Visitor: 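Handing you this structure, nothing more for now.
Just so you know, these numbers come straight off a predicted model, no measurement behind them.
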Number of protein chains: 2
Amino acid sequence: MSEIKDRPYHHGDLRRALIDTALAMLAVDQNWTFTLREVARRTGVSHAAPYKHFRDREMLLRELASIGFVRLGETMTEAMSPAMPSTRAQFVAAAQACIGFAYQNPGLYRLMFSSDADKTIDPQLHDAAMSTFGILLGLLEKGQRDGSFRPVAVSALAAASWAQVHGLAMLAISHQLLEEKVGSAPVPAALDMLLDGMCCTD
Amino acid sequence: MSEIKDRPYHHGDLRRALIDTALAMLAVDQNWTFTLREVARRTGVSHAAPYKHFRDREMLLRELASIGFVRLGETMTEAMSPAMPSTRAQFVAAAQACIGFAYQNPGLYRLMFSSDADKTIDPQLHDAAMSTFGILLGLLEKGQRDGSFRPVAVSALAAASWAQVHGLAMLAISHQLLEEKVGSAPVPAALDMLLDGMCCTD
DNA sequence: CTGCAAAAGTTTCTCCTGTAAACATGGAGG
DNA sequence: CCTCCATGTTTACAGGAGAAACTTTTGCAG
């Protein structure tokens, strides 16, 4: 009888429930203009309850962004893990995973890189972002060690490839990679072009 | 005596004045969280006056974004105009101009590519963005004609280079191109890497 | 010149939001 | 059993978005 209670006073895990509601709204609306009150309402809780878990609305948004970076990291890691013929192929897989993630979670991805997810305020968010960025960095370093990538400053490779992947993701989200405008497989095409410049075998 | 009137009832060009105030606030705050009422207040006008010129707050934001695209286009065009030894050099100049513009107008640049500047709603904004994008496209086509760039689908070149430039701009704005992280000249380095893949001379 | 319609501003009003403060409740430890 | 504290709720208030109704100019037709 404690199973389907009629809203116990204490929710159990309201923090998580609020995050889930907000993530759902973000996914549906593809923006984060939702109000905190609406999130509370949909979670079936009073409009002030969220403040017991988040100092303000922006703190919730940063939490969502943080989760986004963790999930993106997982997605990229999974995509890279299968046996790959080359580091270059692994790079393409990771990049496509990132772009795919952005395409399937456009609202979340945009939030992650918006000024509402201010990484200078929230160390946890900053760390989550850096950790995900670290996946790319690790791959580039590995590629340099095994002779796949040019022996330039790894940071230069990182800037170029991160910019490229993030840029493609944003274009994809904005539906600016339509076939008639940009060919049938713009992402691999663009990645290959950059890789031709990054790799030793040019 | 009609020169320095004491706030005539009719402002003269309130629309322009509101835009200027909003642009100034955008530049100072580096975000567009300002309220329409605050814009009205600073322009010295009642809080409902803006509605005579903009249907709602978002319409003003789209107007700002539109202006941003026009200015960015001008900046890039100016940067490309001087005599250049090669189309490739011209490309680098235009790209750097774009990134410089973003760095000097971070708030505006972010707004231009945010979901608050929805190009599917506002044809004028869409056109402004497309017109600026067209500068890049023209340059790439010229480069293909003169043999600078590979004879692949121009749209593939466009996707790759637009992604790269926009990605670098976003990284620059987020102060993620710090010298200790990414070398002393990350922008030219990254651009050159992509160009090595885009150009025929590889 | 007069009169008037429309443009451009202002006032007023309603509904909603964020957030603070004070109050209620229920579960865990003494 | 009692009491504390985290977690919820209610109440309250300062603002904002935007609609509606009212006022001032201005441009123009006669």
Visitor: Would you say A:S46 reaches D:dT10's phosphate, i.e. side-chain N/O to OP1/OP2 under 4.0 Å?
Guide: no
Visitor: For the pair made of CG in B:L60 and C1' in D:dA17, what is the distance, rounded to whole Å?
Guide: 14 Å
Visitor: Report yes or no: do B:S115 and A:N31 form a side-chain donor-acceptor pair below 3.5 Å?
Guide: no
Visitor: Nearest whole Å is fine: how far is D:dA12 C1' from A:Y51 OH?
Guide: 14 Å
Visitor: Inspect the contact between A:R57 and A:D116 and indicate whether a charged nitrogen and a carboxylate oxygen are less than 4.0 angstrom apart.
Guide: no
Visitor: With a non-hydrogen cut-off below 4.0 angstrom, is B:R41 in contact with a base, only sugar-phosphate, or nothing?
Guide: sugar-phosphate
Visitor: Counting only side-chain N and O atoms of A:H53, is one of them less than 4.0 Å from OP1 or OP2 of D:dA6?
Guide: no
Visitor: Are A:R15 and D:dA6 close enough that a side-chain N or O sits under 4.0 Å from OP1 or OP2?
Guide: no
Visitor: Can you tell me which nucleotide in D:dG18, C:dG9, D:dG8 comes closest to the side chain of A:L14?
Guide: D:dG8
Visitor: What's the closest nucleotide to the side chain of A:K52 if the choices are C:dT19, D:dG8, C:dT11?
Guide: D:dG8
Visitor: Quick test of your reading of the model: are B:K119 and B:D127 salt-bridged, counting only N-O distances below 4.0 Å?
Guide: no
Visitor: Rounded to the nearest Å, what distance is computed from the CE atom of residue B:M25 to the P atom of nucleotide D:dG16?
Guide: 10 Å
Visitor: Base, sugar-phosphate, or nothing: which does A:R57 touch, judged by heavy atoms less than 4.0 Å apart?
Guide: sugar-phosphate
Visitor: Of all the choices, D:dA19, C:dG18, D:dG8, which nucleotide is nearest to the side chain of A:L36 once you look at every atom?
Guide: C:dG18
Visitor: Work out which heavy atom in A:A172 is nearest to a heavy atom in A:I99; give both atom names and the distance.
Guide: CB-CG2, 4.2 Å
